[in-house]
> 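Below is one structure. I have some questions about it.
None of the values given here were measured: they were computed from a predicted structure.
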Amino acid sequence: MNDANPKAHAAPIAGPADPFATGGCRCGTVRYALARAPYVVHCCHCHECQVLSGSAFAINAVVETECLTLLAGTVAPVAVPTHSGRGQTIMRCTACQTAVWSHYGSLGQKAAFVRVGTLDSPALCPPTVHIYVRTRLPWITLPDGIPAFDGFYAGRDVPQIYGAEGASRLATLRARPE
């Protein structure tokens with residue numbers, strides 16, 4: 001999926017034969033499929049995610065953009081500034097404005113951060129890491145056994161969080177030209 005074009009994106013004709021997961025927007029116009037499991041699932045407690053989601057945190061399943069297929073509907077990019085200065089592009093259903101996925105920072109269009117709440121089965125993607133916990137709401141209790149970081153984790157933490165396969169997938173993405 002090439003989201004570098006600022007215009008809305010319409011669905012292709014077919015998706016993967018046996019997707020890892022499917023999902024869609026609130027009104028059902030947008031449908032998508034993930035061809036494989038995410039290489040990491042972030043539960044972000046930063047203030048920006050709290051405001052943008054209208055909730056206590058955002059949960060994003062991160063996949064290579066080519067693993068995400070738009071099956072139905074149209075999504076439109078909405079550019080949003082971030083504190084890092086790199087910004088994010090939120091892909092929203094053009095009918096109901098549900099945020100379905102985003103492209104963030106240094107990975108740009110190469111990775112899609114899919115909103116776990118838009119999956120048909122959100123339980124498929126529990127968080128593998130909690131980030132920006134220094135700004136988590138005080139009534140949120142973090143689970144034992146899931147890595148948690150005051151800010152964003154360091155590169156040295158990737159193998160522990162992502163596992164060998166996930167770390168390899170991220171390295172492959174980083175090596176690709178934009």
> Given the rule that I, L, V, M, F, W and Y join up when any side-chain heavy atoms are under 4.5 Å apart, are L119 and V63 in one cluster?
yes
> With the 4.5 Å side-chain cut-off for hydrophobic clustering, are V75 and F113 part of the same group?
no
> Partners of T118 by side-chain hydrogen bond (donor to acceptor under 3.5 Å, both in side chains), sequence neighbours excluded?
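Listed in chain order: Y32.
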> For the pair L68 and E66, evaluate side-chain contact (heavy atoms from CB on, under 4.5 Å) and give the outcome as yes or no after the intermediate values.
CA-CA 5 Å; L68 172 65; E66 69 265 14; over 6 Å; no
> Residues two or more places apart in sequence or in another chain: which of them pass side chain to side chain contact (heavy atoms under 4.5 Å, CB included) with A37?
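Listed in chain order: F20.
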> Could E64 and K110 be called an ion pair, given the rule that one side-chain N must be under 4.0 Å from one carboxylate O?
no
> Report yes if some heavy atom in the side chain of L70 is under 4.5 Å from a heavy atom in the side chain of V100; otherwise report no.
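Not touching, per the 4.5 Å side-chain cut-off.
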> Pick from T89, T65, V114: which one makes a side-chain contact (heavy atoms from CB on, under 4.5 Å) with W101?
V114
> Less than 6.0 Å separating the ring centroids of H42 and Y104?
no
> For I140 and A56, which heavy atoms make the closest approach, and how far apart are they?
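Scanning both residues completely, I find the closest heavy atoms to be CD1-CB, 3.9 Å.
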> Can you list the residues that meet the side chain to side chain contact (heavy atoms under 4.5 Å, CB included) rule with S55, with sequence neighbours excluded?
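So S55 forms a side chain to side chain contact (heavy atoms under 4.5 Å, CB included) with S53.
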> If you group Ile, Leu, Val, Met, Phe, Trp and Tyr by side-chain heavy-atom gaps below 4.5 Å, do F149 and F152 land in one group?
yes
> Just so I know, are the side chains of I90 and S102 near enough to count as touching, which here means a heavy-atom distance under 4.5 Å?
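SC-SC contact between I90 and S102 confirmed.
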> With sequence neighbours left out, what residues match Y132 under ring-ring contact (aromatic ring centres under 6.0 Å, His included)?
none
> Pair up each side-chain donor or acceptor in residues 155-167 with any protein partner under 3.5 Å, not counting sequence neighbours, and list the distances.
unit_1: D157; atom_1: OD2; unit_2: A154; atom_2: N; d: 3.1
unit_1: Y162; atom_1: OH; unit_2: Y153; atom_2: OH; d: 2.5
unit_1: E165; atom_1: OE2; unit_2: R36; atom_2: NH2; d: 3.0

> Got a sec, which pairs hit side chain to side chain donor-acceptor pair (under 3.5 Å) with one end in residues 18-27, sequence neighbours left out?
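Residue pairs passing side chain to side chain donor-acceptor pair (under 3.5 Å), neighbours aside: T22-D120.
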> Taking the side chain as C-beta and beyond, is there a heavy-atom pair between F57 and C44 under 4.5 Å?
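With C-beta onward as the side chain, the pair stays apart.
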> Could you work out, with side chain to side chain contact (heavy atoms under 4.5 Å, CB included) as the rule, every residue matching I146, not counting sequence neighbours?
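H130, P143.
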> Would you sort out whether V80 and L52 count as a side-chain contact (heavy atoms from CB on, under 4.5 Å), showing the intermediate values?
CA-CA 10 Å; V80 177; L52 288 171; 4.1 Å; yes
> Taking all non-hydrogen atoms of both residues into account, name the closest pair between A111 and V62 and its distance.
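That closest heavy-atom pairing would be CB-CG1, 4.1 Å.
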> Measuring from atom CZ of R169 to atom SG of C67, what distance do you get when rounded to the nearest 0.5 angstrom?
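Between atom CZ of R169 and atom SG of C67 there are 6.0 Å.
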> Could you pull out the closest heavy-atom pair between T94 and A76, with the gap in Å?
CG2-CB, 3.7 Å
> Under the salt bridge (Lys or Arg N to Asp or Glu O under 4.0 Å) definition, can you give me all pairs with a residue in residues 133-152, not counting sequence neighbours?
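The answer is none; no pair qualifies.
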> Would you mind reporting whether R115 and I59 have side-chain heavy atoms less than 4.5 Å apart?
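Heavy-atom side-chain distance check fails, nothing below 4.5 Å.
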> Give every residue pair that meets the salt bridge (Lys or Arg N to Asp or Glu O under 4.0 Å) criterion with at least one member in residues 83-97, sequence neighbours excluded.
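Every pair satisfying salt bridge (Lys or Arg N to Asp or Glu O under 4.0 Å) with a residue in residues 83-97: there are none.
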> Do H47 and V51 come within less than 4.5 Å of each other through their side chains, counting heavy atoms only?
yes
> Please enumerate all residues that pass side chain to side chain contact (heavy atoms under 4.5 Å, CB included) together with E48, with sequence neighbours excluded.
C46, T82, H83
> Say whether, by atom type as modelled, one donor and one acceptor occur between the side chain of T128 and the main chain of V40 under 3.5 angstrom.
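No.
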> Answer whether the closest heavy-atom distance between the side chains of V133 and L142 falls below 4.5 Å.
yes
